[in-house]
Peer 1: 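Below is a structure I'd like to ask you about.
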Amino acid sequence: MRGWAAGDPRYEETRNILLKIWDGLRQRADANKDGQVSHEEWCTMWDDYAKNTDNALDWQQRYMNFMFDLEDASGDGCIDEDEFTTVCSSYGLTREECQKAFVKFSSNKSVMVTRDVFAELWKQYFSSENPQAPGNFIFGKTSFE
Ligand SMILES: [Ca+2]
C-alpha cells in the first residue's frame, strides 16, 4: 500500500512484524498443529480473547498496533477519515461505507482516533455483543449481512 520496495527498511520491518504476528497466531490458535488456522480455531481464539480483553496475547497486541500504524499513514498518532478510508477501501469496501463507519466509531468525528482510542475500539470489536457499539465499525463495514 505504501509502495515500499523489497530491501527498503520500512518494507523489511513491516514484513518482520507480519511474520511475528503469523508466528504468534499459529502457535496459539493452531490447536491441531496442521500448520493452518481453521475458521473454528480462529473463532475459538477470539472467543477466549473476548472473555478477558485485558489478557491479550503478544501477537494480538502486535496485530492491533500493526493495524493502527497501517492506517495512520501520516504518522501523526491519529487515524483520520481519509487514512481510514484508504486502507479499508483497499480490501474491497466502498469509500462511502468506510466514511460511514468512520463517523460511527469517531462519534461523528468528534473523537481523535489516537492509539489509545483505537485500542479501546479494538477490544469492543472483538468482545461486544452490541452490533451498534462503535468498535464494531473499525474494519469499515457498516452492514452485517
Ligand atoms: Ca494520521
Side-chain angles (χ1 to χ4, degrees), residues 1-30 36-145:
M1 283 192 66
R2 300 275 168 82
W4 300 330
D8 185 310
R10 293 166 300 182
Y11 177 100
E12 298 305 329
E13 190 195 336
T14 304
R15 186 171 186 278
N16 284 337
I17 291 169
L18 284 169
L19 286 174
K20 279 186 188 149
I21 288 172
W22 166 242
D23 254 8
L25 165 61
R26 190 180 49 184
Q27 282 167 26
R28 298 306 294 258
D30 181 17
Q36 298 177 18
V37 177
S38 68
H39 182 252
E40 196 186 327
E41 287 169 337
W42 176 257
C43 292
T44 301
M45 182 195 59
W46 286 110
D47 194 42
D48 287 345
Y49 170 78
K51 287 174 193 149
N52 185 0
T53 56
D54 290 330
N55 221 1
L57 304 169
D58 270 4
W59 84 265
Q60 286 169 323
Q61 209 53 28
R62 272 186 223 280
Y63 182 35
M64 186 275 288
N65 280 310
F66 176 78
M67 287 306 295
F68 182 87
D69 292 331
L70 178 68
E71 291 179 17
D72 179 20
S74 71
D76 68 350
C78 189
I79 299 169
D80 65 34
E81 183 183 33
D82 192 51
E83 290 170 334
F84 177 75
T85 300
T86 299
V87 170
C88 293
S89 61
S90 78
Y91 49 74
L93 301 174
T94 65
R95 292 188 73 85
E96 292 68 33
E97 185 168 17
C98 300
Q99 285 158 353
K100 256 171 46 187
F102 188 86
V103 162
K104 285 182 185 277
F105 70 74
S106 66
S107 303
N108 207 15
K109 304 185 196 177
S110 66
V111 172
M112 297 273 281
V113 186
T114 60
R115 192 180 299 271
D116 287 349
V117 168
F118 187 75
E120 285 308 309
L121 292 166
W122 179 271
K123 285 181 192 175
Q124 245 177 34
Y125 178 86
F126 288 104
S127 64
S128 174
E129 298 290 346
N130 175 5
Q132 293 307 316
N136 282 324
F137 302 98
I138 60 167
F139 287 96
K141 266 194 90 60
T142 55
S143 55
F144 296 96
E145 67 277 356

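Given the structure is predicted, the values throughout are model-derived calculations rather than measurements. Just so you know, these numbers use all the heavy atoms, side chains as well, and skip hydrogens, waters and symmetry mates. Just so you know, ligand 1 is whichever comes first in the structure, and atom 1 is the first atom listed for that ligand.
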Peer 1: Please report, to 10°, the angle around the Ca ion (ligand 1) from atom OD1 (Asp76) across to atom OG (Ser74).
Peer 2: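 Nearest ten degrees: 80°.
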Peer 1: Give a yes or no on whether the ring-centroid distance for Trp122 and Phe68 is below 6.0 angstrom.
Peer 2: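 Aromatic pair excluded; centres sit 6.0 Å or further apart.
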Peer 1: Taking Asp82 first and then Arg95, would you say they form a salt bridge - that is, a charged N and a carboxylate O separated by under 4.0 Å?
Peer 2: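 So Asp82 pairs with Arg95 through a salt bridge.
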Peer 1: Can you tell me if Glu83 has an N, O or S atom under 3.0 Å away from the Ca ion (ligand 1)?
Peer 2: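 Yes.
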Peer 1: Decide, yes or no, whether a salt bridge links Lys109 with Asp80 under the criterion of side-chain N to carboxylate O below 4.0 Å.
Peer 2: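 No, this pair does not count.
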Peer 1: Is the closest side-chain heavy-atom distance between Thr53 and Phe126 below 4.5 Å?
Peer 2: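 No, too far: nothing below the 4.5 Å cut-off.
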Peer 1: What does the angle at the Ca ion (ligand 1) come to, between atom O of Cys78 and atom OD1 of Asp72, rounded to 10°?
Peer 2: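 The two atoms subtend 90° at the Ca ion (ligand 1).
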Peer 1: Does Glu71 put an N, O or S atom under 3.0 Å from the Ca ion (ligand 1)?
Peer 2: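 False for Glu71.
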